[in-house]
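In what follows, a single structure is set out as structure tokens and then discussed.
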Amino acid sequence: MTRLLLDSVSFGYGQALVLDGISLQVGAGEGVALLGPNGAGKTTLTRLAMALQHPRGGQVVTVGRNTRRLRPEDLADVAGYLFQHPESQLFARTVRAEVGFGPAQLRWAGGRAAAAVDQVLSELGLASVADAHPYDLPGPTRRLVGLAAALVCGPPLLVLDEPTAGLDRASRTRVAEVLLARRAGGTAVLAVTHDLEFAAAALDRGLLLVGGQVARDIALGALLGHHPEFPAPPLVDLSRQLGFHGVRPTVAVLSSLLTSHPQTGTLEA
Amino acid sequence: MSALLMEGVTFTYPGAGAPALRDCSFSAANGEVTWLTGALGAGTSTALLVAAGLAPRHTGGERSGQVRALGTDPAEGAAGLGGRVALVLSSPGAQLSGIAETVAQEVAFAPANLGWPATRIHAAVSHALDRMGVAHLAPRGPATLSGGELQRVVIASMLVLEPDLWLLDEPTSALDTTGRSLLHALLRSEAARGAAVVIASEDADGLHPAADRVLVFRQGRPVVEGAPDEVLRGDAIWAAGAGSTTVAALGRASGVASPRPLTVSEGVRRWAR
């Protein structure tokens, strides 16, 4: 089932086109990394998906809704968005209120809303800051709060702009695990990212934007390490060199392989 | 010579229950890249804001202890430091002048304010844009740039002044792979020119070859200090709540004792059948 469809989409802020005739689809459960050099139009594409911008030509259909006459709030029940700079999406006085805003707008009953907020805060390791003011938190923690707000209503589509920027390893791992779990439940994920380690851990498909067009639509495994701009991240490189094929290149998966295979040399002195 | 010196610095944000820096002491030398790392909230970003004088002048809050940036206490105002200290924040949009119509004007903004002659400004702006790989953006409006382009332009707008002290907070968060390697090479060449470079970053894979020294922060002060090649292999950096390279993390999760492998080739040697 298609969660996001772009059909011959063109868009520009001034005369020049930022996106020039882009067509793509993202299906239920898919994890797509939106890649490309700085200025390729990646963030613009996410804004079009969320009806924050509207195409000059072509159509954008987000979870079955043509965005032509929609405002961003018309997509609140079907698509969660993480801004590149989460500062622009946070406004409540506590983390709990911030994350609870979406369920309240959708008129969820109090008990259901509170349970959903608690659940997502604990998934992302934010339970201990639930009563803090978002602006008292370090920038990377604010990004996790923005992500929690995107996830809380369990939308069928997640559009995330740099979800792991500035996060430490533990948080990046947690974000990858949360997204994999959502994908297993059918959620489609489109993430702009420069973090190839995270992309390899949580996503499967790479869309490479260059000059406002889709230059490649390719399995991440076939892209990473086979293109000068996309070197294989350490765990991908290491798994290949150690002959681990078809495994998710995460610390958890690889360490279990390394410790359960005596012949891999972990027993050497 | 120390371009930056902190001695027993404690800093508390307004309304915060606990200080963000506690009895924090460290120095950063000219000609070196000093890398600050630590768990979220360990104080590295605050240390940079205090070094730049933005804390407490801009943030409010209480500071005690000695701070010297290029020989001056930065809390006493920017007098004498104009153009000599470069602060790069992780949200580049906050650092635009807001009045330049083009990228070239943006990068020329500070030199023009310092009264440089036009020919010197023109040459320096071209050179700085070129070094950050954004010469092609010169005629664009700053508001039309992507996050990563903006980050490069903001860095170019500081590079143009040839600062003596660089303070960078997670400067690679919006940069692509090319931009990251470009920045790391730039930091090395700025240090080689004699500048002191202080960078707060979680990117151990990128920084460990680029930095001369690493300071691991925990609860508002450095608790581990040394050459990245030694510190990253050991246990103390983990005990401080920070992280090492990806391969070292895998080694630790797999029960490999310190000193651990840091790079893929070291990992392959360790684990190859």
Side-chain angles (χ1 to χ4, degrees), chain A residues 13-14 16 18 35-44 84-85 87-88 133 136-141 144 161-162 164-173 194-197 228-235 237-238 241-243 250-252 254-259 261 263-266 268, chain B residues 13 15-16 37-42 45-46 89-91 93-94 133-134 137 140-141 143-152 169-170 172-180 201-202 204-205 241-247 249-256 263-265 267-268 270-273:
Chain A
Y13 293 99
V18 176
L35 307 165
N38 290 143
K42 305 184 295 291
T43 292
T44 298
Q84 184 175 19
H85 301 294
E87 289 72 16
S88 46
H133 194 296
D136 288 341
L137 299 172
T141 309
L144 289 176
D161 200 347
E162 297 285 2
T164 61
L167 298 187
D168 60 9
R169 181 185 317 283
S171 304
R172 277 184 282 143
T173 302
H194 291 113
D195 179 351
L196 301 179
E197 191 89 55
E229 295 288 319
F230 300 99
L235 295 184
D237 193 2
L238 187 73
Q241 294 201 44
L242 293 177
T250 64
V251 165
L254 293 182
S255 69
S256 81
L257 285 169
L258 289 173
T259 49
H261 288 239
Q263 74 272 28
T264 56
T266 50
E268 85 187 30
Chain B
Y13 287 102
T37 188
L40 280 179
S45 297
T46 303
L89 301 170
S90 50
S91 304
V134 285
L137 299 178
R140 291 268 300 275
T144 70
L145 301 182
S146 77
E149 288 173 334
L150 207 53
Q151 187 67 284
R152 291 173 180 230
D169 190 7
E170 289 291 347
T172 61
S173 57
L175 295 181
D176 52 27
T177 310
T178 320
R180 268 205 301 275
S201 175
E202 301 301 321
D205 289 318
S244 182
T245 66
T246 308
V247 171
L250 176 60
R252 181 169 176 265
S254 310
V256 176
T263 61
V264 169
S265 53
V268 170
R270 181 71 177 73
W271 287 302
R273 300 165 201 226

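So you know, we letter chains A, B, ... as the sequences are listed, proteins then strands, and number each from 1.
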- Run through B:Ser90, B:Ser201, B:Ser45 and flag the one making a side chain to side chain donor-acceptor pair (under 3.5 Å) with B:Asp169. B:Ser45
- Query: Side-chain contact, heavy-atom cut-off 4.5 Å: A:Pro233 with B:Thr246?
  - Reply: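 In short, these two side chains do not touch, never coming nearer than 4.5 Å.
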- Note on the structure: Among A:Leu137, A:Val251, A:Leu254, the residue with the most heavy-atom pairs under 4.5 Å to chain B is A:Val251
- Item | Option that, when pairs with chain B are counted at under 4.5 Å, heavy atom only, ranks first among A:Leu35, A:Asp237, A:Thr43, A:Thr250 | A:Asp237
- Task: Taking A:Arg169 for its side chain and B:Glu202 for its backbone only, find out whether a donor-acceptor pair lies under 3.5 Å.
- Result: no
- Task: Keeping the roles fixed (side chain from B:Ser146, backbone from B:Glu149), state whether a donor-acceptor pair exists under 3.5 Å.
- Result: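 A pair under 3.5 Å: yes.
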Check whether [X] gets within reach of chain A through its side chain, its backbone, both or neither, counting any heavy atom under 4.5 Å.
{"X": "B:Leu250", "answer": "both"}
{"X": "B:Leu137", "answer": "neither"}
{"X": "B:Val268", "answer": "both"}
{"X": "B:Glu170", "answer": "side chain"}
{"X": "B:Thr144", "answer": "neither"}
{"X": "B:Ser265", "answer": "neither"}
{"X": "B:Arg152", "answer": "side chain"}

What residue, out of [options], has the most heavy-atom pairs lying under 4.5 Å from chain A?
{"options": "B:Gly179, B:Ala204, B:Gly255, B:Gly147", "result": "B:Gly147"}
{"options": "B:Gly243, B:Ala249, B:Gly41", "result": "B:Ala249"}
{"options": "B:Thr245, B:Leu175, B:Asp205", "result": "B:Leu175"}

- For A:Glu162, what residues pass the side-chain hydrogen bond (donor to acceptor under 3.5 Å, both in side chains) criterion, not counting sequence neighbours?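 A:Glu162: side-chain hydrogen bond (donor to acceptor under 3.5 Å, both in side chains) contacts with A:His194.
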- Query: B:Gly38 and B:Ala242: which non-hydrogen atoms are nearest, and at how many Å?
  - Reply: CA-CB, 3.8 Å
- Task: Show the numbers, then the answer: is there a side-chain contact (heavy atoms from CB on, under 4.5 Å) between A:Leu242 and A:Leu257?
- Result: CA-CA 11 Å; A:Leu242 293 177; A:Leu257 285 169; over 6 Å; no
- Interatomic spacing from OG1 in A:Thr173 to CG in A:Asp168 - rounded to 0.5 Å: 8.5 Å
- Message: Within this structure, what is the OG1-CG distance for the pair B:Thr172 and A:Asp195, rounded to the nearest 0.5 Å?
- Response: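 B:Thr172 OG1 to A:Asp195 CG: 10.0 Å, rounded to 0.5 Å.
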- Message: Between A:Pro231 and chain B, with a heavy-atom cut-off of 4.5 Å, which part of the residue counts as in contact: side chain, backbone, both or neither?
- Response: side chain
- Message: Report which part of A:Gln84 has an atom under 4.5 Å of a heavy atom belonging to chain B: side chain, backbone, both, or neither.
- Response: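 The side chain, not the backbone.
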